[in-house]
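Data first, discussion second: the structure below is written as structure tokens.
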Number of protein chains: 2
Amino acid sequence: MVTAGRTANGDTKERLLAAAERLFGEEGFARTSLRAITLAAGVNVAAVHYHFGSKEALLAALFTRRAAPLNADRLARLDVIEAAAGDGALPLEAVLEAFVAPAFRLIAELDPAGPSPAQLIARFFSEPEEVVQRMLREQFGEVGARFLVALRRALPEVAAVEVGWRFEFMIAVLTHLLSRMHLLEIVPGRALGPADEATTIRRAVTFLAAGFRAPAGGAA
Amino acid sequence: MVTAGRTANGDTKERLLAAAERLFGEEGFARTSLRAITLAAGVNVAAVHYHFGSKEALLAALFTRRAAPLNADRLARLDVIEAAAGDGALPLEAVLEAFVAPAFRLIAELDPAGPSPAQLIARFFSEPEEVVQRMLREQFGEVGARFLVALRRALPEVAAVEVGWRFEFMIAVLTHLLSRMHLLEIVPGRALGPADEATTIRRAVTFLAAGFRAPAGGAA
DNA sequence: GTCTATAACGGGATAGAC
DNA sequence: GTCTATCCCGTTATAGAC
């Protein structure tokens, strides 16, 4: 198929992306060396710079590769919901699921075994690198804004400021789930047990929907 | 007061802790060099090794210094609630506030201006270092277990497994708040506005309480 | 207890052969 | 496109003077 000969496979770039996604997700960006990545990928150190240019550029490539389809999926689902609702109020659970479910889809579809891709996406929210924070704003800005509007339409009785805060709580729950779901948690004897994707989504949506609907005033 | 002479102040150790707390919290452990810390503290590089032994030991010192009183405060509040309740069911909002409020107290009491101490505590939950993860289990194990029991006592009508998951959601919301509260968020035009401590606590508790009480079944 | 100087190492990046 | 070899820098940590 290809013109010139090479080592054994032509997908060095893909192998690098896969290895980097896993290691960045598990160890974080700063702790992961290019040497560790290329070793895991079975390619040469220089390959990173040839294919991507720098360590940061590799990270950026990983980010957009996952975030773009993730957010496209979210917006497509939201389009459907908004079209079905016409001018009426939006169904809250549906909106929440449109935001949450694609992230879990990301886990299941790609690497059935490993914890890989979603963990990295979630980790982005806590990585201090400026590049990361800038890309977060770029990639999630539009989705966030549109979902915020949708949530307000779904909750006309809740003050807009409160919806804004609760939107932040939703992001918290989602990123926490994605980044830590695979490991045994801090508190022993939790016995959360392994749950399938659909159950986890339902759990999150149920919890979040109730929180979003709560009357704002109530003190204890 | 002191016997022998020295540079200008005797609180090198304290200055190191303060600088490290801020920098680790803002930049993360791996990205923060000892040079940056000692520069910010106005002390010599070697002082870190003299007073603490290593970079990791400095981190550990920071962790226990904050986590211990934080969790003691939580448990004390829980004691009061349990004593008042006798054998009856526990009041959910009170239990949640006993868990959430001490963390915010941590912010307000110590450094009224800066974002410092709580941000680091929250960051611990996403730092990949094994030391950090081990200390998390050690320091938060007891508190987590006791609050989990208390939450189940407060919610006899909710399945124990669900309470376990929702406990995890609560940690998500809290850490997210503590680590990111200071900065403008990803979605522009949110207009969350600056909120005082009491309001933020009330917001979180209201949201969480409703989520915890939600009937488990409901699909959309 | 505090400093300077330096050791010992690993990191990202690049040049140039193939 | 892929490799080897190497540059150059910043890092933690330590030894030893003061």
Side-chain angles (χ1 to χ4, degrees), chain A residues 1-63 120 127-132 135, chain B residues 1-63 127-132:
Chain A
M1 299 300 187
V2 276
T3 46
R6 57 189 60 141
T7 42
N9 46 19
D11 49 6
T12 300
K13 201 167 175 177
E14 206 54 45
R15 296 167 62 84
L16 277 172
L17 286 169
E21 184 158 65
R22 183 174 65 81
L23 289 170
F24 284 158
E26 288 172 356
E27 297 289 318
F29 180 75
R31 272 175 62 90
T32 305
S33 70
L34 289 181
R35 295 179 147 83
I37 294 170
T38 51
L39 178 71
V43 307
N44 192 273
V45 210
V48 172
H49 296 94
Y50 178 80
H51 286 286
F52 299 96
S54 74
K55 189 186 177 187
E56 275 202 351
L58 169 59
L59 184 72
L62 281 170
F63 184 85
L120 179 58
E127 292 278 9
E129 276 76 18
E130 312 143 21
V131 208
V132 174
M135 291 199 304
Chain B
M1 303 299 187
V2 277
T3 47
R6 57 188 58 141
T7 40
N9 46 19
D11 49 5
T12 301
K13 202 167 174 177
E14 205 53 46
R15 297 167 62 85
L16 276 173
L17 286 169
E21 185 159 64
R22 184 174 64 82
L23 289 169
F24 283 159
E26 289 172 356
E27 297 289 319
F29 180 74
R31 271 175 64 89
T32 305
S33 70
L34 290 182
R35 294 176 142 82
I37 294 170
T38 51
L39 179 70
V43 305
N44 194 273
V45 209
V48 172
H49 295 94
Y50 177 79
H51 285 285
F52 299 96
S54 73
K55 188 186 176 186
E56 274 202 352
L58 170 59
L59 184 72
L62 281 169
F63 184 84
E127 292 277 9
E129 276 78 15
E130 312 143 20
V131 208
V132 174

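Convention: sequence-line order gives letters A, B, ...; per-chain numbering from 1.
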For atom CZ of Phe29(A) and atom P of dG11(C), their distance in whole Å: 13 Å
Between CZ on residue Arg31(B) and CZ on residue Arg31(A), distance to nearest 0.5 Å: 15.0 Å
Side-chain N or O of Thr12(B) closer than 4.0 Å to phosphate OP1/OP2 of dT2(C): yes
Atom pair distance, as rounded to whole Å: CZ in Arg15(B) and C1' in dG1(C): 15 Å
Rounded distance [0.5 Å steps], CD in Glu27(B) versus CD in Glu130(A): 7.5 Å
Value in whole Å for how far the P atom of dT2(D) lies from CG of Leu34(A): 16 Å
Protein-nucleic acid N or O pairs under 3.5 Å, nucleotides 7-9 of chain D:
none

Atom-to-atom span, CZ of Arg31(B) to C1' of dG10(D) - whole angstrom: 14 Å
Compile the donor-acceptor pairs under 3.5 Å between side chains in residues 34-41 of chain A and protein atoms, sequence neighbours left out, one pair per line.
from: Thr38(A); atom 1: OG1; to: Leu34(A); atom 2: O; distance (Å): 2.9
from: Thr38(A); atom 1: OG1; to: Arg35(A); atom 2: O; distance (Å): 3.1

Under 3.5 Å donor-acceptor pairs involving side-chain atoms of residues 51-62 of chain A, not counting sequence neighbours:
from: Ser54(A); atom 1: OG; to: Glu56(A); atom 2: N; distance (Å): 3.4
from: Ser54(A); atom 1: OG; to: Ala57(A); atom 2: N; distance (Å): 3.1
from: Lys55(A); atom 1: NZ; to: Phe29(A); atom 2: O; distance (Å): 3.1
from: Lys55(A); atom 1: NZ; to: Thr32(A); atom 2: O; distance (Å): 2.8

For atom CG of Leu23(B) and atom C1' of dT11(D), their distance in whole Å: 16 Å
Distance in angstrom units between Asp11(A) CG and dT2(D) C1', rounded: 14 Å
Length of the CG-P vector between Leu16(B) and dG1(C), whole Å: 13 Å
Proximal nucleotide (of dT11(D), dA13(D), dA13(C)) relative to the Ser33(B) side chain: dT11(D)
Rounded interatomic separation in angstrom, taking CD from Glu27(B) and P from dT11(D): 12 Å
Under the salt bridge (charged side-chain N to carboxylate O under 4.0 Å, His left out) test, residues paired with Glu127(A) that sit two or more places apart: none
Spatial distance of atom NZ (Lys13(B)) from atom CG (Asp11(B)) [nearest 0.5 Å]: 12.0 Å
DNA chain D contacts among residues 38-57 of chain A, heavy-atom distance under 4.0 Å: Asn44(A), Ala46(A), Tyr50(A), His51(A)
